[in-house]
Amino acid sequence: MNFSKMHGLGNDFMVIDAVTQNVHLSTEMIKRMADRYTGVGFDQLLIVEPPYVPDSDFHYRIFNSDGSEVEQCGNGARCFARFVRLKGLTRKRVLKVSTMKGNIVLTVNADETIRVNMGEPIFEPSKIPFKAIKEEKTYIIRAQEQTVLCGVASMGNPHCVIQVENIVTAQVATLGPLLEQHERFPERANIGFMHIIDRNNINLRVFERGVGETQACGTGACAAVAVGIKQGLLNECVNVNLPGGKLLIEWQGSNQPLYMTGPATHVYDGFIAI
Ligand SMILES: N[C@H](CCC[C@H](N)C(=O)O)C(=O)O
């Protein structure tokens with residue numbers, strides 16, 4: 001099976017064309033290919049399929065390295081757009097794509113960065129899902145002996161966003177797994193640690209559901225800015241500095257779509273006999 005290795009700011013992907021290839025992968029196969037020592041190695045696997053819904057160009061499926069299938073992937077969406085053009089599956093620069101939970105529209109800019117309409121952030125607890133009596137700007141979560149203040153949002157996938165004073169000393173390795181598996185997140189969650197520099201710039205690290213800390217998380221950047229704007233701490237246009245690089249996030253508030261702009265990099269093509 002042919003594949004491409006790609007990344008969005010160091011969040012890395014194995015991308016498979018299931019339009020011209022017959023692809024049937026079990027969870028075990030996905031986990032084996034995800035292994036960074038004995039497999040291809042990736043944070044997520046992206047499988048590009050023919051369109052499922054009317055008026056869309058493609059469908060694409062996203063699997064974390066633990067084999068779990070998920071609803072959305074921001075960095076993966078940009079790599080998807082670059083992949084389908086690189087492989088000659090389309091010549092369009094505006095792509096309509098369906099994923100497990102919704103449709104997104106991607107625009108490939110002249111400089112080959114990609115601007116993605118990620119849809120409207122979701123804050124209703126039952127739709128995230130997150131166990132809460134009612135929707136709040138800030139929640140208190142008790143995790144073992146710690147009390148955590150956070151915001152919660154979904155970009156199709158669930159995110160918990162914690163504000164920290166110092167991004168380097170943020171408790172990513174300890175609080176990350178604790179909150180990812182917390183019982184208030186019935187489908188687990190991605191955990192973002194946000195340091196607000198000013199109203200237009202943040203630093204962010206993300207402990208991703210089903211993976212661990214990654215170099216970048218596109219939906220995590222979207223969720224962090226959405227939570228920060230909802231809490232009145234950020235302006236409509238924010239530079240998000242991740243360990244792997246910078247994303248531009250724009251959101252004009254309720255009932256408006258959120259946009260993410262950033263790069264997508266093709267690393268190599270490969271073949272795996274499975
Ligand atoms: N780990 C995420 C999926 C990938 C998201 C991330 N790689 C991005 O760029 O948005 C989840 O389980 O919801």
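Just the heavy atoms: all of them, side chains too, but no hydrogens, waters or symmetry mates, feed the values below.
Hydrophobic clustering of Ile, Leu, Val, Met, Phe, Trp and Tyr side chains at less than 4.5 Å, counting indirect connections, keeps Phe42 apart from Leu242. Hydrophobic cluster membership differs between Val206 and Val211, with clusters built from Ile, Leu, Val, Met, Phe, Trp and Tyr side chains linked at under 4.5 angstrom. Linking ILVMFWY side-chain heavy atoms closer than 4.5 Å, directly or via other members, places Met118 and Val105 in two distinct hydrophobic clusters. Connection of Ile114 to Phe58 is established within a shared hydrophobic cluster, with ILVMFWY side chains joined at heavy-atom distances below 4.5 Å, either directly or through further cluster members. By the criterion of side-chain heavy atoms lying less than 4.5 angstrom apart, applied directly or through intervening Ile, Leu, Val, Met, Phe, Trp or Tyr residues, Phe207 is not grouped with Ile62; the two fall into different hydrophobic clusters.
Heavy-atom neighbours of Leu149 CG from other residues, nucleotides or ligands within 6.0 Å: above the threshold of 12. Atom NZ of Lys87 is surrounded by more than 12 heavy atoms from other residues, nucleotides or ligands within 6.0 Å. Within 6.0 Å of NZ on Lys96 lie no more than 12 heavy atoms contributed by other residues, nucleotides or ligands. Heavy-atom neighbours of Lys131 NZ from other residues, nucleotides or ligands within 6.0 Å: above the threshold of 12. Other residues, nucleotides and ligands contribute over 12 non-hydrogen atoms within 6.0 Å of the NZ atom of Lys101.
Side-chain atoms of Thr219 and Gln72 include no donor-acceptor pair closer than 3.5 Å. In summary, the side chains of Gln215 and Asn11 do not present any donor paired with an acceptor at a separation below 3.5 Å, with no hydrogens or angles considered.
Minimum heavy-atom separation, Thr99 to Tyr60: CG2-CE2, 3.5 Å. The two residues Ile30 and Gly67 make their nearest non-hydrogen contact at CG2-CA, 4.1 Å. When all heavy atoms are compared, the tightest approach of Lys246 to Leu9 is O-CD1, 3.6 Å. Across Gly8 and Ala216, no two heavy atoms sit closer than the pair O-CB, 3.9 Å. Heavy atoms only, all atoms of each residue included: Gly76 and Phe13 are closest at N-CZ, 3.3 Å. Considering every non-hydrogen atom in both Ile140 and Arg184, the closest pair reads O-NH1, 2.8 Å.
Side-chain N or O atoms of Glu136 include none that pairs as donor or acceptor with a backbone N or O of Thr138 at under 3.5 Å. The closest donor-acceptor contact from the side chain of His182 to the backbone of Arg142 lies under 3.5 Å. Remark: the backbone N or O of Arg61 is not paired with any side-chain donor or acceptor of Glu69 at under 3.5 angstrom. A distance-only check finds no donor-acceptor pair linking the side chain of Arg82 to the backbone of Thr113 [under 3.5 Å]. Checked by atom type and distance alone, the side chain of Asn109 never pairs as donor or acceptor with a backbone atom of Asp111 at under 3.5 Å. Side-chain N or O atoms of Ser56 include one that pairs as donor or acceptor with a backbone N or O of Val53 at under 3.5 Å. The closest donor-acceptor contact from the side chain of Arg85 to the backbone of Lys92 lies under 3.5 Å. Judged by distance alone, with hydrogens and angles left aside, the side-chain atoms of Arg205 form a donor-acceptor pair with the main-chain N or O of Val168 at under 3.5 Å. In terms of modelled atom types and a separation under 3.5 Å, the side chain of Arg188 and the main chain of Glu180 share no donor-acceptor contact.
In this structure, Asn157 CG and Cys73 SG are separated by 8.0 Å, a value rounded to the nearest 0.5 Å. Going from atom CE of Met260 over to atom CZ of Arg115 covers 11.0 Å, rounded to the nearest 0.5 Å. Separating the CD atom in Glu49 from the CG atom in Asp17 is a distance of 10.5 Å, to the nearest 0.5 Å. Note that the CG atom of Asn190 and the CE atom of Met155 stand 12.0 Å from one another [nearest 0.5 Å]. Going from atom SG of Cys217 over to atom CG of Asp43 covers 9.5 Å, rounded to the nearest 0.5 Å. Rounding to the nearest 0.5 Å gives a distance of 10.0 Å between CZ of Arg78 and CG of Leu106.
Remark: of the listed residues Leu248, Asn203, Asp198, Ile249, Leu248 is the sole one forming a side chain to side chain contact (heavy atoms under 4.5 Å, CB included) with Asn239. A side chain to side chain contact (heavy atoms under 4.5 Å, CB included) with Met14 is found for one member of Leu46, Ile272, Ile47 and no other, namely Ile272. Of the residues listed (Ile167, Ile197, Asn241, Leu234), the one engaging Ile202 in a side chain to side chain contact (heavy atoms under 4.5 Å, CB included) is Leu234, and it is the only one.
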Donor-acceptor contacts under 3.5 Å from residues 220-230 side chains, at least two apart:
from	atom 1	to	atom 2	distance (Å)
Lys230	NZ	Glu135	OE2	3.1

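Ring geometry for Tyr52 against His59 counts as parallel: the plane angle stays under 30°, on a 0 to 90° scale with 60° as the upper cut. Taking the six-membered ring for Trp and thresholds of 30 and 60 degrees, Tyr139 and Phe130 have ring planes more than 60 degrees apart, a perpendicular arrangement.
Within the 4.5 Å cutoff, the side chain of Glu187 has heavy atoms near those of the Pro129 side chain. Looking at Leu175 and Phe193, their side chains come closer than 4.5 Å, going by heavy atoms from C-beta outward. Considering only heavy atoms from C-beta on, Asp57 stays 4.5 Å or farther from Pro51 through its side chain. Taking 4.5 Å as the limit, some side-chain heavy atom of Ile162 sits within range of a side-chain heavy atom of Leu179. Residues Val15 and Phe80 form no side-chain contact, since every pair of their non-hydrogen atoms from C-beta on lies 4.5 Å or further apart. Counting only heavy atoms from C-beta outward, the side chains of Leu247 and Asn75 approach each other to under 4.5 Å.
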Cys150 and Val161: side chain to side chain contact (heavy atoms under 4.5 Å, CB included), yes or no, with the steps?
-> CA-CA 5 Å; Cys150 66; Val161 181; 5.9 Å; no
Walk me through it: do Val19 and Val84 pass the test side chain to side chain contact (heavy atoms under 4.5 Å, CB included)?
-> CA-CA 10 Å; Val19 176; Val84 291; over 6 Å; no
Does the side chain to side chain contact (heavy atoms under 4.5 Å, CB included) test come out yes or no for Ser154 and Lys127, once each step is laid out?
-> CA-CA 8 Å; Ser154 168; Lys127 294 179 181 165; over 6 Å; no
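The pair Glu71-Arg209 counts as a salt bridge, with a side-chain nitrogen and a carboxylate oxygen less than 4.0 angstrom apart.
When the side chain to side chain donor-acceptor pair (under 3.5 Å) test is applied to Gln181, no partner is found at least two apart in sequence or on another chain. The side chain to side chain donor-acceptor pair (under 3.5 Å) check on Asn255 picks up nothing, with sequence neighbours excluded.
Proximity of the aromatic rings of Phe271 and Phe3 is defined here by a centroid distance below 6.0 angstrom, and this criterion is not met.
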